[in-house]
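Every heavy atom of this structure was used, including side-chain atoms; hydrogens, water molecules and symmetry mates were not.
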Amino acid sequence: MRVLVEYEKCCGAGQCVMVAPKVFDQRDDGIVVLLDETPPPDQYKAVQEAVTVCPGAALRLEESA
């Protein structure tokens with residue numbers, strides 16, 4: 001799994017950080033910081049939830065082949 005971020009869509013709500021803090025963080029202005037573009041399998045569920053709850057639809061997943 002690869003995490004992709006469209007930074008211009010990020011509204012700084014921080015939902016991603018709350019559900020997947022090992023993969024996402026925030027800058028001082030609230031914009032998402034991607035900590036791990038290819039998270040380990042134990043983080044998949046949290047990352048999928050972060051994508052689902054992102055109010056700006058700034059996050060998406062690309063499945064590995």
Side-chain angles (χ1 to χ4, degrees):
M1 167 188 304
R2 182 172 165 223
V3 182
L4 304 170
V5 179
E6 294 182 59
Y7 292 96
E8 65 280 354
K9 290 184 175 183
C10 181
C11 64
Q15 298 297 314
C16 56
V17 179
M18 286 190 266
V19 298
K22 292 182 179 180
V23 179
F24 303 101
D25 200 353
Q26 286 178 286
R27 302 186 319 206
D28 289 340
D29 62 359
I31 300 301
V32 65
V33 173
L34 183 59
L35 300 175
D36 191 349
E37 182 179 283
T38 54
D42 69 327
Q43 292 297 307
Y44 285 6
K45 184 176 178 181
V47 171
Q48 289 168 334
E49 183 178 348
V51 170
T52 300
V53 301
C54 178
L59 308 175
R60 62 188 174 97
L61 300 176
E62 186 176 81
E63 295 299 325
S64 302

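- The shortest distance between side-chain heavy atoms of P39 and K22 does not fall below 4.5 Å.
- To the nearest 0.5 Å, the span separating CD on E63 from CE on M1 amounts to 5.0 Å.
- Grouping the Ile, Leu, Val, Met, Phe, Trp and Tyr side chains by contacts below 4.5 angstrom, directly or via other members, places V19 apart from V51.
- Here the closest non-hydrogen pair linking A13 and P55 is CB-CG, 3.6 Å.
- At least one side-chain heavy atom of L35 sits less than 4.5 Å from a side-chain heavy atom of V33.
- Of all non-hydrogen atoms in A20 and V47, the two that sit nearest each other are CB-N, 4.3 Å.
- E62 contributes atom CD, which lies 8.5 Å from atom CD of E37 (distance to the nearest 0.5 angstrom).
- Considering all non-hydrogen atoms of both residues, F24 and A50 come closest at CE1-CB, 3.7 Å.
- Residues C10 and V5 have side chains not in contact (no heavy-atom distance under 4.5 Å, counting atoms from C-beta outward).
- Looking at E6, its side chain never comes within 3.5 Å of a backbone N or O of A57 through a donor-acceptor pair.
- Side-chain contact between L61 and L4 is absent, with no heavy-atom pair separated by less than 4.5 Å.
- When side chains are defined from C-beta on, L34 counts as touching Y7, because their heavy atoms get closer than 4.5 Å.
- Nearest approach of D29 to I31, heavy atoms of both residues: OD1-N, 3.2 Å.
- Looking at D36 and Q43, their side chains never come closer than 4.5 Å, going by heavy atoms from C-beta outward.
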